[in-house]
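Only one structure is covered here, and it is reproduced in the block below.
Excluded from the calculations below are hydrogen atoms, water molecules and symmetry mates; all remaining heavy atoms, backbone and side chain alike, are included.
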Amino acid sequence: MRFSSKWLKVGFPALMLSATLASGTVFADGKAGGVKTDAHPHRYIDVQLLGINDFHGQLDVTRNVGGKAVGRADYLAAYLKQREAENKNTLLVHAGDAVGASSPVSALLQDEPTIEFLNKLGFDVGTLGNHEFDEGVDEMLRLIYGGIHPTTGYFRGADFPYVSANVVDKKTGKPLLPPYVIKRVNGMPIGFIGVVLSDTPSIVDASGVAGVSFTDEAKAINEAAKQLKRRGVRAIVVLAHNPGVSNKDGSNANGEVVDIAKKVDDEVDVIFAGHNHAYLNAEVDGKLLVQSYSYGTAFSDVDVKIDPRTKDIVAKKAEIVTTYQDGIKPDAEIAKLIGKYEEKVAPIVNQVVGTAQTTITSKQNASGESALGNLIADAQRSALKTDFAFMNPGGIRADIEQGEVTWGELYNVQPFGNQLVKMTLTGGQIRKLLNQQWQPNQTRMLQISGLTYTWDASKPIGDKVVDIYLPNGAKLDPNAEYTVAVNSFLADGGDHFTVLTEGKNREAGPVDLDALIAYIQQLPQPFAARIEGRIQKLR
């Protein structure tokens with residue numbers, strides 16, 4: 001029996017750990033939280049599940065964690081292959097958002113390079129995230145099952161199954177994809193169920209989810225689990241693109257996936273989470289919940305032990321592994337793949353747009369304002385010549401680094417290709433829009449241009465905005481009409497900014513990225529942006 005470092009780092013009680021080291025026969029009981037002893041140390045079958053979430057096509061992107069370089073697909077591949085070599089009973093899984101908001105090396109080629117990357121690593125099963133719907137259901141299905149795109153031609157699709165139990169085809173009333181798949185490892189059947197957050201329609205352009213509906217995650221999981229149990233499957237894993245977070249020691253686990261865990265069948269053993277790009281490694285209601293940040297900067301290594309007599313998981317433990325680049329060689333096969341696609345997109349990606357005087361970040365201050373948010377909102381107001389502009393923070397995906405700024409860098413900042421929309425709102429509607437930033441479960445601070453305002457955290461949701469000012473210092477007139485620039489996602493009420501659906505006199509403008517590029521090009525060089533006090537928190 002293999003005892004990896006994961007089993008020895010998990011903080012077993014000293015007595016339990018010493019018994020384990022002495023005999024190799026003591027395990028944490030994944031079902032009841034107790035201890036199982038067995039005189040036959042090789043009775044259980046060790047299975048390793050290696051999982052990623054929210055990769056977002058970051059094939060060629062290196063990030064920084066604690067001053068160290070992390071990520072890039074070739075380094076992630078090296079880690080996964082290294083772990084896979086430790087246990088022949090290994091399955092590779094992903095919990096959604098493998099594509100979408102991708103690096104140009106993937107996005108400019110319809111995210112086919114990312115699927116090819118997953119194929120080369122031999123992934124075994126994946127599920128949908130909200131970003132899989134960015135270009136609509138047909139394009140999502142093409143990436144999964146293969147087909148022809150007018151730009152890239154024929155693509156064979158994914159070599160592994162995608163599962164999703166709660167995305168329903170409105171025409172047929174049936175799941176769009178198989179709700180689950182059964183994988184056999186050393187003769188042991190393991191069921192994998194997939195779900196995506198049910199409020200996907202509120203965070204994706206309406207065109208992206210046309211023709212499908214999203215049902216309650218827990219109910220969908222339970223229905224699939226019931227079918228799996230009828231087929232004799234007792235080891236069940238859920239791939240859930242739902243958020244969750246915990247402390248590093250597993251305490252204080254919270255989020256949607258925690259609520260789901262409490263509602264689903266106790267036969268579910270492990271849930272891989274996603275969406276909020278966070279750390280999660282905790283046990284809730286007898287289920288092991290994991291999430292490993294995002295962008296390939298980490299992965300989840302889950303070890304389970306299956307009793308061959310009952311075919312059930314009797315013990316489980318996880319480790320979240322950061323993909324530091326030092327100390328490991330990048331995988332040569334994947335490095336070659338990245339190089340091939342970088343060469344294809346280089347003429348576009350490497351165009352220099354301007355020079356940044358300093359690094360411009362999307363980090364918000366205590367009031368909710370960011371330097372990069374100001375720059376983007378100014379660009380959109382300039383492009384449509386409106387009184388005001390509002391930008392959703394979730395649409396800002398990277399910072400602008402000091403020095404030469406290329407087209408590819410700006411693409412990473414705004415990768416969604418949303419069209420800008422000009423509309424007319426009253427001052428009263430603008431106040432309502434700003435108050436919609438505070439929602440029961442989340443706060444989303446819009447980045448603004450053309451106005452300033454104050455807000456009071458002590459006031460109730462729906463009434464936090466105090467005063468709104470025009471550039472000349474006068475207060476916003478609730479009855480006057482003003483022109484507003486937003487992207488198409490917000491214009492359709494995305495992120496629950498529903499008042500924007502009431503806007504009149506709508507006019508389509510340029511794509512948001514094009515507006516940002518044009519704005520930067522006309523700025524004095526090197527250009528800069530800063531926090532200016534556009535948003536002010538009173539208390």
Selection residues 390-410 - residue pairs positive for salt bridge (Lys or Arg N to Asp or Glu O under 4.0 Å), sequence neighbours left out: none

What distance do [X] atom [atom1] and [Y] atom [atom2] have between them, rounded to the nearest 0.5 Å?
| X | Y | atom1 | atom2 | result |
| --- | --- | --- | --- | --- |
| W407 | L108 | CH2 | CG | 4.5 Å |
| I520 | I360 | CD1 | CD1 | 7.0 Å |
| N119 | T114 | CG | OG1 | 11.0 Å |
| I396 | M391 | CD1 | CE | 5.0 Å |
| F388 | I468 | CZ | CD1 | 8.5 Å |
| S213 | N166 | OG | CG | 9.0 Å |

Just so I know, are the side chains of [X] and [Y] near enough to count as touching, which here means a heavy-atom distance under 4.5 Å?
| X | Y | result |
| --- | --- | --- |
| W455 | R539 | no |
| I348 | P104 | no |
| L280 | V245 | no |
| V421 | M423 | yes |
| F390 | L434 | yes |
| Y324 | V65 | yes |
| L476 | L470 | yes |
| I52 | L118 | yes |

Side chains of E256 and N276, donor plus acceptor under 3.5 Å: no

N242 and E217: side chain donor to acceptor below 3.5 Å: yes

Provide the closest heavy-atom pair for [X] versus [Y] in the form atom of the first, atom of the second, distance.
| X | Y | value |
| --- | --- | --- |
| A298 | I320 | CB-CG2, 4.2 Å |
| Y79 | D326 | OH-O, 4.5 Å |
| I338 | V105 | O-CG2, 4.3 Å |
| N53 | A95 | CB-CB, 4.0 Å |
| L92 | L121 | CD1-O, 3.2 Å |
| L50 | R83 | CD1-CB, 3.8 Å |

Keeping [X] on the side-chain end and [Y] on the backbone end, is there a donor-acceptor pair under 3.5 Å?
| X | Y | value |
| --- | --- | --- |
| K464 | K459 | yes |
| H56 | Q58 | no |
| N281 | A318 | yes |
| Q525 | L523 | yes |
| T358 | Q402 | no |
| S106 | S103 | no |
| R506 | T424 | no |
| E369 | I535 | yes |
| S102 | G100 | yes |
| Q380 | A515 | no |

Any residue meeting side chain to side chain donor-acceptor pair (under 3.5 Å) with [X], in chain and number order, not counting sequence neighbours:
| X | answer |
| --- | --- |
| E343 | none |
| T152 | E112 |
| S367 | none |

Would you please name every residue forming a salt bridge (charged side-chain N to carboxylate O under 4.0 Å, His left out) with [X], sequence neighbours left out?
| X | answer |
| --- | --- |
| E84 | none |
| K68 | none |
| K537 | none |

From CA spacing to verdict: side chain to side chain donor-acceptor pair (under 3.5 Å), S458, D456: CA-CA 5 Å; S458 68; D456 188 338; 2.6 Å; yes

Show the atom names and distances, to 0.1 Å, of all donor-acceptor pairs under 3.5 Å that link a side chain in residues 480-488 to residues at least two apart or in another chain.
from	atom 1	to	atom 2	distance (Å)
E481	OE2	K504	NZ	3.0
Y482	OH	D477	N	3.1
T483	OG1	D387	N	2.9
T483	OG1	D387	OD2	3.2
N487	OD1	F489	N	3.2
N487	OD1	L490	N	2.9
N487	ND2	N392	OD1	2.8

Candidate list K120, R72, K81, test salt bridge (charged side-chain N to carboxylate O under 4.0 Å, His left out), partner D331, passing option: K81

Selection residues 440-449 - residue pairs positive for side chain to side chain donor-acceptor pair (under 3.5 Å), sequence neighbours left out: S370-Q447, D378-S449, R381-S449, Q439-R444, Q442-R444, R444-D495

Under the side-chain contact (heavy atoms from CB on, under 4.5 Å) test, residues paired with D463 that sit two or more places apart: P460

Plane angle bin for H277 and Y295 - parallel if under 30°, tilted between 30 and 60°, otherwise perpendicular: perpendicular

Parallel, tilted or perpendicular: ring planes of H275 versus H241, cut at 30 and 60 degrees: perpendicular

Please set out all donor-acceptor pairs under 3.5 angstrom arising from side-chain atoms of residues 132-139, sequence neighbours excluded.
from	atom 1	to	atom 2	distance (Å)
E132	OE1	D97	N	2.8
E132	OE1	G129	N	2.7
E132	OE2	D97	N	3.2
E132	OE2	A98	N	2.9
D134	OD1	H131	ND1	3.4
D134	OD2	H131	ND1	2.8
E135	OE1	Q110	NE2	3.1
E139	OE1	R142	NE	2.8
E139	OE2	Q110	NE2	3.0
E139	OE2	R142	NE	3.4
E139	OE2	R142	NH2	3.0

Qualifying residues under ring-ring contact (aromatic ring centres under 6.0 Å, His included), relative to Y75, sequence neighbours excluded: none

With H94, the ring pair (Phe, Tyr, Trp, His ring centres under 6.0 Å) member among F299, F55, Y162, F117: Y162

